[in-house]
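Just below is one structure, and these are the notes that go with it.
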Amino acid sequence: MSADELLTPQEQQSKTPVQSAVRSLRELIDHYSAKSFAKGLDALGDEGLAERVPFPFLAIVGQAEMKLALLLGLVNPNIGGILLIGPRGTGKTTAVRSLLDLLPTVDRSTCFYGCLPEDIETGGIESVCPECAQKYGEGKPLTISDRVRLVELPLNARLEDVVGGIDERAAANNRTSIRRGILAQADRNLLYIDEINLLGNEIVDAILDAAAQGIYTVRRGPVSATYRARLVLIGSMNPEEGNLRPQILDRFGLRVIVKGLENAAERLEAYRRVQSHLANPRGVAQTYASDSQAALQEIQSARQRLKQAFIPDALATEAIRLVQDMRIDSLRAELTWFESARAYASSDARHEVQREDLRAVAPMSLRLRRSEFMEHYFDNQQNEEEELRDKLNRWGRKKPTAVKKKKER
Ligand SMILES: [Zn+2]
């Protein structure tokens, strides 16, 4: 069966010529990563404008794992967040901001309380506010279609900025009410926290709890308010500037070790693209515009397909054995691994997860998870990485004749 046969008729119709030429989202990304653009871009000239146009995602050279992790987060918000670990200047923040052109649309509640039709489907008409209940009864929509936004947590954010605090203007009028915090604004959006290892524990805990539960409650004296916070958390950290508490590390779904580009030709290409973007950001954005649009449509289709994506039981069982074999206790390991594999298969226009999908997303789902390693995780990261790659290479392949080393003393 070809990939096209898995698409619904609407999806097939919406495929543009560009998309048909490229088999999957992943191929589109790889194609651009390798292509040399800089010479053509130089001819665009210098516009001398200082406005902030984000660097296009497709223009990022190399960094395949970081790009893949970010895309999987757009396709499946249930992967449990993404942590980018690497030194300064490796393009972590640039990559996150470059997602702007690829943000899909979601159904967003039009009501202050965030009522959704799915609340009624699961909890009955009582589970929404009276106004929405009436609208629902009249067959009117409770949501509008809106693009996912990228919300950045300011570096100096205080706890009350994050969860919300007393509305001072209302307090001045002798009323007590709670002002929405950054978390509530991040509902159904991406929340980016740069330098997450430098943020106060209290704030990190509040964000991780809310992100895990998708909902949180603020209590301030006699008043309380409950908000939705179904968000994709993206954190970045520079390990040279301080470790992240192990229990926090475990709560991120995907962890990407971001290194500088090692290949000289790639570095040169990256330099040229950045220079072109500095000189003429609009021109560069224009060069990538139609293919960014195609990638966005692919993400949107992948999100649709995700509902049907599944892992056959036998394969899932084998995968869990590998997690056990890696001596990983955290149940978040397979949860993230399976959710990202489903997203990966969906991005490749398939519904059934195959072993290769699991293999592709295993390192970012499984690394830095073992409790015994948590204390000195950066020292041990290299060893763990090698062991993981080795086990993945052998996983599901025919075992060579076993050679047992005998140690006798
Ligand atoms: Zn409502």
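Note that ligands are numbered from 1 as they come in the structure, with each ligand's atoms numbered from 1 the same way. For clarity, every value in this text was computed on a predicted model and none was experimentally measured.
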Quiz item: Salt bridge between Glu138 and Lys135, side-chain N to carboxylate O under 4.0 Å?
Solution: no
Quiz item: Between Arg389 and Glu384, is there a salt bridge with N-O shorter than 4.0 Å?
Solution: no
Quiz item: Quick check: does any side chain N or O of Arg255 sit under 3.5 Å from a backbone N or O of Leu368, one acting as donor and the other as acceptor?
Solution: yes
Quiz item: Charged N to carboxylate O below 4.0 Å: is that the case for Glu195 and Lys92?
Solution: no
Quiz item: Between Arg230 and Asn78, is any side-chain donor less than 3.5 angstrom from a side-chain acceptor?
Solution: no
Quiz item: Is Arg220 paired with Glu160 through a side-chain N to carboxylate O contact shorter than 4.0 Å?
Solution: no
Quiz item: Under 2.8 Å from the Zn ion (ligand 1), protein N/O/S atom count?
Solution: 4
